[in-house]
Each structure stands twice: as structure tokens, then as C-alpha cells.
Amino acid sequence: AQKVTQAQTEISVVEKEDVTLDCVYETRDTTYYLFWYKQPPSGELVFLIRRNSFDEQNEISGRYSWNFQKSTSSFNFTITASQVVDSAVYFCALSEADAGGTSYGKLTFGQGTILTVHP
Amino acid sequence: DGGITQSPKYLFRKEGQNVTLSCEQNLNHDAMYWYRQDPGQGLRLIYYSQIVNDFQKGDIAEGYSVSREKKESFPLTVTSAQKNPTAFYLCASSTGLGETQYFGPGTRLLVL
């Protein structure tokens, strides 16, 4: 069965600090997809990134970067120079897929990390 | 503007009553999903639908029912059989099953 663990329940930083959110996953499939979502206080989940298991290239998008390492089953998310607007709950999620790369559709979420950025 | 709407934002229910949560999308997505979120926890899948007139149970379907009569609509009914219905309910949609899911603003249900 698939499982996603976000061991950091809460993180508190001061503005402009860099912060890394950890995500460790378990799956028996060789083909799968990993996601990060942001949930601001309004409650709506905002999609940040999707990565497939065959693409281990790290990705950078502005102040956000993601480090995917299959060897350690981790998909960590770093925010550089954090801002108060980054305060939110961040979820990592996993979707398994068949050998052809077609996802089964079900997302398994981690428990989330509450990030608070202080001015 | 394309998007997913959920109504109402807050919903109160008396014990023993059924209640229906609305989810509408104008993104022309085929697949739709319902999740439940409890405080301090991640989201858990209740039901999902790949196409019109078809839906499948997720991990926690007991006490819930859905219908998919139109592509743009996927209402969720919380029945009296659901023992602990107080939660935050999120609807999502995607172009196809397994593609990136986009979420609505959610409905907070409180049982009095």
C-alpha cells in the first residue's frame, strides 16, 4: 500500500530564511507521480508541482525548488527567502500508476506541514 | 473565469439528517473527486468519478453517496449513516483520471 510521511508537523521561520519541507513516500510501484499542494488559511488547495517517477531532475520555480531522490524515496520542497505569504499548510501526495504510466487516479496525502513565516 | 465552485461554504446539520454538498466545475474536466479533511490530517478520498454516470468508492465511502448525471456536477450526500460527519469537504477535478487535480474552495460541515 502506498504511504506518504511528512514528519515535520509544524515549522516556524523568520522572513527571508530558507526552509525545507520533507516528504518521504512508500510504494511498490515503479511508476508513480508525486505532488505538492499548498493550503492557505482560506482552505483551498493550490497545486504547486507534479513529478513522475522517471524524472529525477530537480526543479526550480522562482523561490521554490524540489529535490526528488528515488534512492531515499524522498521528494523535498525548499522555499528560498521565505515570505509571510508563504505561511500555509503544505501537503505532499502520491499517485500510483500502471506500467504504461497511467495513474490510477487516487491521491494519497501526507498529514501536512504547517509553515509559519514571521515578519 | 474557469474554476470549481462548492456551495455552501459553511453548512450546519442536525444529527439524523441527510445533507447534500454541491460541486460544479466549468473546466470541461472528465474526472471529479471528493475528499474529506479532518483537523491536523491530510485529505482522504471519499468517491471519484471518471466519466458521467460512473463513480467509484474511495477509501472512506461508508455513509456517503454521490451522483454524476452531468459532466460539470458531482454532488456529495452525507447520510445519517455517517457517524462522524463534521469535517472540511473538498471537491477536485482533473482532465482525466490520474491527471493533476485542481481543488475547489471547500465546504465546512458541522453537525449540531
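In this text the structure is predicted, and so the values were computed from the model without any measurement. Letters A, B, ... mirror the listed sequences (proteins, then strands); counts begin at 1.
- The residue among B:Gly104, B:Gly42, B:Ala92 with the most heavy atom pairs within less than 4.5 Å of chain A is B:Gly42.
- Here the OH atom belonging to B:Tyr33 is positioned 13.0 Å from the NZ atom belonging to A:Lys106, to the nearest 0.5 angstrom.
- Remark: B:Gln17 CD is packed, more than 12 non-hydrogen atoms of other residues, nucleotides or ligands lying under 6.0 Å away.
- Residue B:Leu27 is grouped with residue A:Phe35 when hydrophobic side chains (ILVMFWY) are merged at heavy-atom distances under 4.5 angstrom, including chains of intermediate members.
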Worked check of side-chain contact (heavy atoms from CB on, under 4.5 Å) between A:Leu45 and B:Gln101: CA-CA 10 Å; A:Leu45 262 71; B:Gln101 296 179 27; over 6 Å; no
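- For a residue to count as touching a neighbouring chain, one of its non-hydrogen atoms must lie under 4.5 Å from one of that chain's; by this rule B:Glu99 touches chain A with backbone and side chain alike.
- Taking a 6.0 Å sphere around NZ of A:Lys16, one finds it holds 12 or fewer heavy atoms contributed by other residues, nucleotides or ligands.
- A distance of 6.5 Å separates CD in A:Gln39 from CG in B:Leu43, rounded to the nearest 0.5 Å.
- Contact annotation for A:Tyr33: neither backbone nor side-chain heavy atoms come within less than 4.5 Å of a heavy atom of chain B.
- Neither the backbone nor the side chain of A:Gln6 has a heavy atom closer than 4.5 Å to any heavy atom of chain B.
- Between A:Glu44 and B:Tyr102, every side-chain heavy-atom pair lies at or beyond the 4.5 Å cut-off.
- For the pair B:Thr100/A:Tyr37, a side-chain contact is recorded, criterion being any heavy-atom separation below 4.5 Å from C-beta on.
- Residue A:Val117 is grouped with residue A:Tyr64 when hydrophobic side chains (ILVMFWY) are merged at heavy-atom distances under 4.5 angstrom, including chains of intermediate members.
- Considering only heavy atoms from C-beta on, B:Leu45 stays 4.5 Å or farther from A:Thr108 through its side chain.
- Counting non-hydrogen atoms of neighbouring residues, nucleotides and ligands closer than 6.0 angstrom, the CZ atom of A:Phe54 exceeds 12 such neighbours.
- Hydrophobic clustering keeps B:Phe55 apart from B:Leu97 (ILVMFWY residues linked when any side-chain heavy atoms are closer than 4.5 Å, directly or through intermediates).
- Only the side chain of B:Leu90 comes within contact range of chain A, with at least one heavy atom under 4.5 Å from a heavy atom of that chain.
- Annotation: the span from B:Lys9 atom NZ to A:Ser42 atom OG amounts to 7.5 Å, rounded to 0.5 Å.
- Shown here is B:Leu112, whose CG atom has more than 12 heavy atoms of other residues, nucleotides or ligands within 6.0 Å.
- Within the 4.5 angstrom heavy-atom criterion, atoms from both the backbone and the side chain of A:Leu107 approach chain B.
- Hydrophobic clustering of Ile, Leu, Val, Met, Phe, Trp and Tyr side chains at less than 4.5 Å, counting indirect connections, keeps B:Phe74 apart from B:Ile4.
- Checked against a 6.0 Å centroid threshold, the rings of A:Phe109 and B:Tyr35 count as neighbours.
- Under the 4.5 Å side-chain heavy-atom criterion for grouping Ile, Leu, Val, Met, Phe, Trp and Tyr, B:Leu76 is not connected to B:Phe103 through any hydrophobic cluster.
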